[in-house]
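Letters A, B, ... mirror the listed sequences (proteins, then strands); counts begin at 1.
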Amino acid sequence: MTASAAEKGTWWGEHEVDIGEAGRFRVGPLRTWLERHNCEWRLVHTRGEVRDDPTVEVICPYPIGEEPPNGEEPRPEDAPISRMLAESPGKKLRIVPVLADRPVITRPDGSGRVLAGTEVDLFVSTPLWFRIEAIPDDEQGPRVLFEQAIVRPSDTWFGATTRDGELCYSSRTPATLEAEELPNLPSRAITRLTISNPSSDDLDLLRFALPAPNLSLWLDRNRPELGLFTSSVLLVRSGDGETTRVEIQHRAPRHLGEPERIASPRSPRSRNVLSRAMSAILS
Amino acid sequence: MAFDPFSAFENLDSDRLRAILVAIVIFVIGAIIARTAGRLVRGAVIRRSSEQQAMLMSRAVYYVLLLMVTFQALSTAGADFKVLLGAAGIFTVAIGFAAQTSMSNLISGLFLVAEQPFVIGDTIQIGTTMGEVVSIDLLSVKVRTFDNLLLRFPNEALLKAEITNLTRFPIRRLDIPLGLTYGQDPAKAKEVLEALADANELILDEPRPTLFTLGFGPSSIDVRFSVWTATSNFITVKNTFLLEIKAAFDREGVTFPFPQQTLSTLGPLPVRMVDGDGEPVLEEPPEEEAAQPTS
């Protein structure tokens, strides 16, 4: 895969890298160089300062020692090198986008309110991780060589008290009514969030916990320029307004014309997840 | 009459001797089996539960099997349990007095296990001592300090002591005492600190970082900036964030206070100017004063 795929913003896919060859991947602010030597992979990564960097560049493979063709940025000499040693590492590599390994507490920019007795569809974005997998020649399962958040989100706590709760990531995002209105960044995926409020009170939408480890990643082959979509999520507030049920739509998002699954969930869970009290989730 | 060390064995017939040897073999093999069983139980339990529970289960299995093996060995050797039980009754009173401390430690240990103020792997502080709990035994708790010393605390002492468990909860607050000069705009300092906390990925967004004003000190306005972080990142944040504050304050022109004293005198204070060698420096009076006659 070279620049043509990168022009469409699709930085994932498979490559074949022989001994003595290298690859360079730039996805947003994250830059990764990898080299294949005899019985080992060597990796170097750096992260730029601009969090909203829209750049996608994939140059793989090219001979070690040569500057990447059309490359503007050589591998930094003083960056630490990670070495992955294996008897027969194989030459196939798979670049995979994955979602966060913890729930993401998503705060929509600006305040919003879902009126009583209504249901609304919103589109929000969530951070992506960049993963490199090696596919060994002996047909065993893929081995993860490298995984980093493209833009490392901040840690946060989600719970009623500081004793009981869960360590999560924090993310701010516009909440739009159309997917096209969200900024198109290679470091984020789009989630269609359906909020159903059958209770008699309006619902202030300040923040919610997106179950990122349980979501799949999809691509619309008709419109790859929109980027990746996660499984759709349904939040249903109970009639008394005390609890919220979170439901993950594991099938392809219905608004995608020609869906293709790009990545499975990190940890599949049951379809209906009973969440905590409303005050802890949507408050 | 010369002492014959083997005289005791002359009265033993071969059957009795054989029985004793068999008992010894039974005990040795049984002890090995008990230890192996303990290790297998520990390996099986630790995959499903905590290290502390695995240790307790393995020790329970080991001691129960060892007791059974001991009784079997004694029985094989021909020990008369009625005599043993009778003797035990007599010695119980004496042992009870002698083993008061041990029994207290044993019972305190059971309370500690049931209450679980800490488990193996926790970092605890007892008085001025801080370290990692490496084992919770029948009579004592072993703690490894961070300079790699092993401390033994009797369970009885721990039951009465104030113990701080530093790693019980997943998140922890870091309190940073600061001083702001009286000429400093506190709002600007607050803005700088909050921006710095927001930019640090290891500092939690929720609970929010908070700036508390503690009071007016002799040289500064005393404040405390509190941030939360994952317990596993506490040392990293503590080591790096304070230096980030220093760099940010330098960059933004927020000054750190130094101790200041204001000196008030009842009258003029005589001042003498001296040079680098301590010799007085005489200033020439201005020309107007030199021309005027002194009165």
| task | Taking salt bridge (Lys or Arg N to Asp or Glu O under 4.0 Å) as the test, write out the residues that go with B:K246, two or more places apart. | result | B:D250
| Neighbours of chain A found in residues 133-150 of chain B - heavy atoms under 4.5 Å | none
| Counting only heavy atoms not in B:K238, do more than 12 sit closer than 6.0 Å to its NZ atom? | no
Scan chain B against chain A and return every donor-acceptor pair whose distance is under 3.5 Å.
residue : atom : partner : partner atom : Å
B:E201  : O    : A:D155  : N            : 2.9
B:I203  : O    : A:S154  : OG           : 3.2
B:D205  : N    : A:D155  : O            : 2.9
B:D205  : OD1  : A:S154  : OG           : 3.1
B:D205  : OD2  : A:S170  : OG           : 2.7
B:E206  : N    : A:T156  : OG1          : 2.9
B:E206  : O    : A:W157  : N            : 3.0
B:E206  : OE2  : A:R107  : NH2          : 2.2

| Under 6.0 Å from the CZ atom of B:R39, do we count more than 12 heavy atoms belonging to anything else shown? | no
| task | Give a yes or no on whether B:Y182 atom OH has more than 12 heavy-atom contacts from other residues, nucleotides or ligands under 6.0 Å away. | result | yes
| Taking only residues two or more places apart in sequence, or in another chain, which ones meet B:A247 in a side chain to side chain contact (heavy atoms under 4.5 Å, CB included)? | B:R251
